[in-house]
Each structure stands twice: as structure tokens, then as C-alpha cells.
Amino acid sequence: AKIVELTKDVLPTTPISYAYTLEVTLMIGDAVSGNLFSSSSFETKGAGKSETKAYMSAIKKIKSKSSKYQEFLDDAKTKIIEYYNANCDFISKEAQTLADSREFEKAIFTLNQVPQVTKECYDKSMDMAVVIMNQKLEFECQERIAEAKALISANDFESASQVLNMFSKGMDCYSEVEALLTQINTGICSKYLGEAKGYWANRNSSGAAAALANINASSPCYAESSALAAEIAGLLDER
């Protein structure tokens with residue numbers, strides 16, 4: 001809204017009252033793109049015992065159920081639908097260009113600006129948003145895979161596992177993720193089994209037990225770790 005003060009009067013009453021005549025211009029548009037779809041001006045008057053009350057009284061006299069106000073809204077709705085239907089291909093192209101530049105969030109934001117009332121363009125845009133979201137996830141997956149490989153090379157298997165724990169089986173990259181998770185599991189197994197054997201060679205049973213506790217049942221060396229745990233437990237029982 002834009003409000004222009006046309007007149008302001010101080011009324012000779014006791015106590016003093018104020019009166020305003022305002023021109024209120026209402027606009028419906030897209031603040032991001034600068035597109036103006038509809039505008040309408042209303043002249044309204046109000047009075048009150050303070051300047052603020054007089055001003056608010058004038059604004060409150062604009063009736064949202066008036067025919068002029070409804071025409072203003074209907075005109076805007078029609079023009080919004082016409083605009084998005086006419087520019088739907090351009091919006092899709094812009095979103096794809098952003099996605100190709102790996103600006104996935106901006107691409108999805110662009111598509112989400114299409115209002116639901118433009119059904120055909122809206123449906124097309126939402127379908128495209130899903131595709132771009134999947135592209136975003138696959139790109140992030142490849143970034144995480146590269147990060148995980150670097151961590152594995154540094155024998156930081158736990159961090160590598162955390163990097164990969166957000167990806168699901170339905171993704172194209174998951175076969176590579178799964179292979180790395182197997183490699184991580186094997187690395188964790190070898191690391192802690194080696195630690196346990198080192199502790200036990202020095203007859204440090206508590207250190208060995210703590211190391212073995214990091215090996216889960218799905219690990220490839222679980223049987224060997226279980227056998228070592230049984231050996232430790234057996235010797236401790238003998239004591």
C-alpha cells in the first residue's frame with residue numbers, strides 16, 4: 001500500500017479532534033521481479049481524538065467486501081495467471097540454468113514462486129523442482145563420497161562413516177556409498193581387532209575388551225573378534 005495525505009484538519013471541538021482525508025493506493029505485484037499486476041486507489045476519510053486514531057479511522061473505512069476492492073483482486077489474479085502461463089517456459093529454463101550451475105537452492109526457489117492457481121505451470125514447476133532436488137542430493141552425495149575417500153585414506157573410518165550416513169538406497173550414488181561403507185566396516189574391524197591383539201599381547205584385558213567392543217556383528221572380522229574375546233574371558237576365569 002501507498003498512502004498520501006490529502007488533507008489534515010484540526011476540528012474546533014472540546015477536546016480537540018483531528019480529521020484526515022487519505023488517498024490509499026493498493027498494489028499487488030512481485031517485489032522480487034518488480035512486476036506490478038494490479039493497482040487501485042481509494043479516497044477515504046476519518047476522524048478521531050488523536051492524529052493516530054483519525055488516521056486509523058480513515059484506513060478502517062476501506063471495505064474489503066466492496067465491489068471496487070473485489071475487482072482489484074480479481075484483476076490481479078487474472079493477470080498473475082496470464083503472466084505465469086506466458087512465462088512458464090522461461091521460468092523453467094531459468095531454473096535449469098541455475099541447476100546446471102549447481103545453484104540448486106536458487107533453482108528450486110525460482111520454481112516455488114509459481115502460484116498454485118496457475119495449475120498447468122504450477123504442476124510443471126513442481127515436477128521440475130523434484131528433479132532438481134534429486135540432482136542436488138546426487139551432487140552432494142558425490143561430494144561426500146570424495147570426502148569419505150580422503151578420510152579412509154587417513155584411516156579415519158569413524159568420520160568417513162558419519163559423512164556417508166545420510167544417503168538412502170533409492171539414490172543413484174548408493175552403490176558407491178555401499179561399497180565405501182563395506183570398506184569402512186572392514187577398516188574399523190581391522191583397526192580395533194589389531195588394537196585388541198596388541199593389548200592382549202601385553203595381557204591388558206581391559207584395553208583389549210574396550211577395543212573389541214567397537215566391532216559389531218556385521219563386521220567381517222566379528223568371528224575372529226568373538227574368538228579373541230572368548231580366549232580373554234577363559235584365561236580370566238582361570239585366574
Side-chain angles (χ1 to χ4, degrees), residues 30-33 84 87-116 118 121-200 206-229:
D30 184 338
V32 176
S33 65
Y84 280 100
N87 290 276
C88 197
D89 290 342
F90 173 78
I91 293 167
S92 298
K93 185 177 180 180
E94 181 184 1
Q96 189 59 60
T97 299
L98 289 167
D100 292 342
S101 300
R102 296 175 181 174
E103 296 187 71
F104 300 108
E105 288 84 0
K106 287 184 179 180
I108 294 169
F109 177 81
T110 297
L111 294 168
N112 282 338
Q113 299 314 297
V114 177
Q116 195 169 356
T118 60
C121 186
Y122 176 81
D123 290 344
K124 179 181 178 181
S125 298
M126 292 306 99
D127 289 344
M128 189 173 185
V130 171
V131 171
I132 292 176
M133 176 58 75
N134 288 333
Q135 290 175 351
K136 176 180 181 290
L137 294 175
E138 292 292 343
F139 176 74
E140 290 175 350
C141 185
Q142 291 302 323
E143 285 188 319
R144 295 296 183 91
I145 286 171
E147 184 180 352
K149 286 179 178 178
L151 291 167
I152 291 169
S153 297
N155 292 324
D156 188 353
F157 301 108
E158 288 82 359
S159 296
S161 179
Q162 291 176 1
V163 163
L164 296 173
N165 66 7
M166 62 175 287
F167 302 106
S168 62
K169 291 184 177 180
M171 299 179 67
D172 293 342
C173 66
Y174 192 74
S175 59
E176 194 169 357
V177 169
E178 195 170 33
L180 285 177
L181 289 173
T182 299
Q183 186 178 344
I184 290 167
N185 208 9
T186 300
I188 290 174
C189 196
S190 298
K191 174 184 174 181
Y192 287 112
L193 182 59
E195 286 183 8
K197 287 179 177 179
Y199 281 124
W200 184 234
S206 60
L212 291 172
N214 291 293
I215 300 173
N216 60 52
S218 63
S219 298
C221 66
Y222 183 71
E224 189 176 356
S225 68
S226 296
L228 180 58

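Heads up: numbering here begins at 1 and tracks the sequence. Treat the numbers as computed from the prediction; the structure is a model and nothing was measured.
At distances below 3.5 Å, not a single donor-acceptor pair connects side-chain atoms of S219 with backbone N or O atoms of I215. The backbone N or O of V163 lies less than 3.5 Å from a partner atom in the side chain of R144, making a donor-acceptor pair. Judged purely by atom type and a 3.5 angstrom limit, Q113 uses its side chain to pair as donor or acceptor with the backbone of F109. No donor-acceptor pair under 3.5 Å is formed between the side chain of S161 and the backbone N or O of E158. Remark: the backbone N or O of I152 is not paired with any side-chain donor or acceptor of D156 at under 3.5 angstrom.
Using a cut-off of 4.0 Å between Lys/Arg side-chain N and Asp/Glu carboxylate O, K106 and E94 are scored as not salt-bridged. Between K197 and E224 there is a salt bridge, since a side-chain N of the basic residue sits under 4.0 Å from a carboxylate O of the acidic one.
The line from NZ of K93 to CG of N87 is 13.0 Å long, rounded to the nearest 0.5 Å. Here the SG-CG distance, from C221 to L193, works out to 5.0 Å after rounding to the nearest 0.5 Å. Between the OH atom of Y222 and the CG atom of L212 there is a distance of 10.0 Å, given to the nearest 0.5 Å. Taken to the nearest 0.5 Å, the CD atom of E143 stands 10.0 Å off from the SG atom of C141. For the atom pair OG of S206 and OH of Y199, the computed distance is 8.5 Å after rounding to the nearest 0.5 Å. Here CG of L181 is found 13.0 Å from CZ of F157. Values are rounded to the nearest 0.5 Å.
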- CA sep, side-chain torsions, deciding dist, call: L151, I184, side chain to side chain contact (heavy atoms under 4.5 Å, CB included): CA-CA 10 Å; L151 291 167; I184 290 167; over 6 Å; no

- Message: If you apply the rule side chain to side chain contact (heavy atoms under 4.5 Å, CB included), what do you find for E105 with K136, and how did you get there?
- Response: CA-CA 8 Å; E105 288 84 0; K136 176 180 181 290; 2.9 Å; yes

- Test log, rule side chain to side chain contact (heavy atoms under 4.5 Å, CB included), inputs I188 and K191: CA-CA 5 Å; I188 290 174; K191 174 184 174 181; 5.7 Å; no

- List the steps, then state whether salt bridge (Lys or Arg N to Asp or Glu O under 4.0 Å) holds for E176 with K149. CA-CA 11 Å; E176 194 169 357; K149 286 179 178 178; 3.1 Å; yes

- Take E103 and I108, measure what side chain to side chain contact (heavy atoms under 4.5 Å, CB included) needs, and give me the verdict at the end. CA-CA 9 Å; E103 296 187 71; I108 294 169; over 6 Å; no

- Task: Please test K169 against E178 for salt bridge (Lys or Arg N to Asp or Glu O under 4.0 Å), starting from the C-alpha separation and ending with a verdict.
- Result: CA-CA 9 Å; K169 291 184 177 180; E178 195 170 33; 5.5 Å; no

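Across every non-hydrogen atom of A196 and L228, the tightest pair is CB-CD2, 3.9 Å. The heavy-atom pair separating M128 from S92 by the smallest distance is CE-O, 3.1 Å. A99 and A107 get closest at one heavy-atom pair: N-CB, 3.9 Å. The two residues A160 and A148 have their closest heavy-atom pair at CB-O, 3.8 Å.
Counting non-hydrogen atoms of other residues, nucleotides and ligands closer than 6.0 Å to OH of Y174 gives a total above 12. In this structure, F104 places its CZ atom where more than 12 heavy-atom neighbours from other residues, nucleotides or ligands lie under 6.0 Å away.
When each of V114, N112, T110, T118 is tested with S125 by the rule side chain to side chain contact (heavy atoms under 4.5 Å, CB included), just one qualifies, namely V114.
With 3.5 Å as the limit, one finds no donor-acceptor pair spanning the side chains of N134 and E138.
Two residues are said to be in side-chain contact when any heavy atoms from C-beta on lie closer than 4.5 Å; Q142 and E147 fail this criterion. At a threshold of 4.5 Å between non-hydrogen side-chain atoms, the residues L137 and E140 count as touching. The closest side-chain heavy-atom distance from Q96 to L111 is not below 4.5 Å.
Y84 is linked by a side chain to side chain donor-acceptor pair (under 3.5 Å) to nothing, counting only residues two or more places apart in sequence or in another chain.
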